[in-house]
Amino acid sequence: MKKFGSLIPRSFYNRDPRLVAPELLGKILVRREGRKVLTGRVVEVEAYLGENDAASHSARGETRRNAVMFGLPGFVYVYFIYGNHYCMNVSCLPKGIAGGILFRALEPLEGIEEMAMARGISIAGPKDLENLTSGPGRLAEAFDITRLRDNGKDLTRKKSDLFIAEDPSKDYDRARRILTTPRIGITKAAELPLRYVLAGNAFVSGPRIRG
DNA sequence: TACATGATGCCCT
DNA sequence: GGGCATCATGTAG
């Protein structure tokens, strides 16, 4: 049985992040580590816009750090935050127009032992599994996503060691329900409802959301 | 060159 | 629920 389906094409990302973000839920993030494969289902994302979004890194124009957000859609933007954590985004909209989506939580599927190793924890119970990739810093650490290794990488090439694919289990796709909430951990434009989660999913970060 | 700040997570109460 | 580690980046001087 196939673990992940067809690759998501660049045209998928060549739209407003507010349209791409909810559709990204349920897709599969794939990391190749040599012979091993790590996969996780996207269960929580946040949209970040361009100039009209004060919370976005691209709000004040292009710099060397945020250049990927202004480039072609479907590329990885990784930044380092709070001296401790990496966060992973994918660029949206055509070249020259900023926009992107932050990956906030995954449901780990394959390579759970490798992820736990990367996180420096052991899985002793269901709570440990739920916390494995629940949060932007956590999922980046579990998938060994760093700025040096992954920033600027093309997510739409299957030969890449990092890409996004369809979820082949259609039953899950049918059952999904999407919830929209304000974004987490920001001070500017905090009221905008640009966070998207799969309702009721145990791997969503933050307080439990019933659905 | 210096400094303030942040799209977080962990540990302590 | 709150404090804090820790550093790349951006902006000011």
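Each chain gets a letter, A, B and so on, in the order its sequence line appears, and its residues count up from 1. From a predicted model like this one, the values you see are computed outputs, not experimental measurements.
Between C:dT11, B:dG9, B:dT8, one nucleotide has an atom nearer to the side chain of A:Arg60 than all others, and that is C:dT11. Counting only heavy atoms from C-beta on, A:Tyr48 has its side chain closest to B:dA7 among B:dA7, C:dT6, C:dG10. Of the candidates C:dA5, C:dG10, B:dG9, the closest approach to any side-chain atom of A:Thr63 belongs to C:dG10. With B:dA7, B:dG9, C:dT9 as the candidates, the nucleotide lying closest to the side chain of A:His57 is B:dA7.
Counting non-hydrogen atoms under 4.0 angstrom, A:Leu102 reaches a base of the nucleic acid. Counting any heavy atom pair closer than 4.0 Å across all strands shown, A:Arg183 reaches no nucleic acid atom. Contacts of A:Met88 with the nucleic acid, taken as non-hydrogen atoms under 4.0 Å apart, are absent.
Side chain A:Tyr79 to base B:dA7: a donor-acceptor pair is found below 3.5 Å.
Between A:Glu130 atom CD and B:dG9 atom P there is a gap of 15 Å when expressed in whole angstrom units. What separates OH of A:Tyr86 from P of B:dG9 is a distance of 15 Å, to the nearest Å. B:dA7 atom P lies 15 Å from atom CD of A:Glu191, rounded to whole Å. We find that CD of A:Glu44 is positioned 11 Å from C1' of B:dA7, with the value rounded to whole Å. Remark: C1' of B:dG6 and CZ of A:Phe80 are 12 Å apart, rounded to the nearest angstrom. A:Tyr82 places its OH atom 14 Å from the C1' atom of C:dT9, with the value rounded to the nearest Å. Distance CZ (A:Arg195) to P (B:dT8): 11 Å, rounded to an integer number of Å. When rounded to the nearest whole Å, the span between CZ of A:Arg104 and C1' of B:dA7 equals 7 Å.
Proximity of the aromatic rings of A:Tyr77 and A:Phe70 is defined here by a centroid distance below 6.0 angstrom, and this criterion is not met.
Base-pair partner of C:dG2: B:dC11 (Watson-Crick or G-U wobble, both distances under 3.5 Å).
Nearest-nucleotide positions on DNA chain B for A:Arg119 and A:Thr187 put A:Thr187 closer to the 5' end.
Between A:Arg147 and A:Phe80, every side-chain heavy-atom pair lies at or beyond the 4.5 Å cut-off. Looking only at side-chain heavy atoms (C-beta outward), A:Glu114 and A:Leu38 come within less than 4.5 Å of each other.
For the salt bridge (charged side-chain N to carboxylate O under 4.0 Å, His left out) criterion with A:Asp161, the lone passing option out of A:Arg32, A:Arg149, A:Lys36 is A:Arg149.
Here the closest non-hydrogen pair linking A:Glu110 and A:Met115 is O-CE, 3.0 Å.
Distances shorter than 4.0 Å separate some side-chain N or O of A:Arg138 from OP1 or OP2 on B:dC10.
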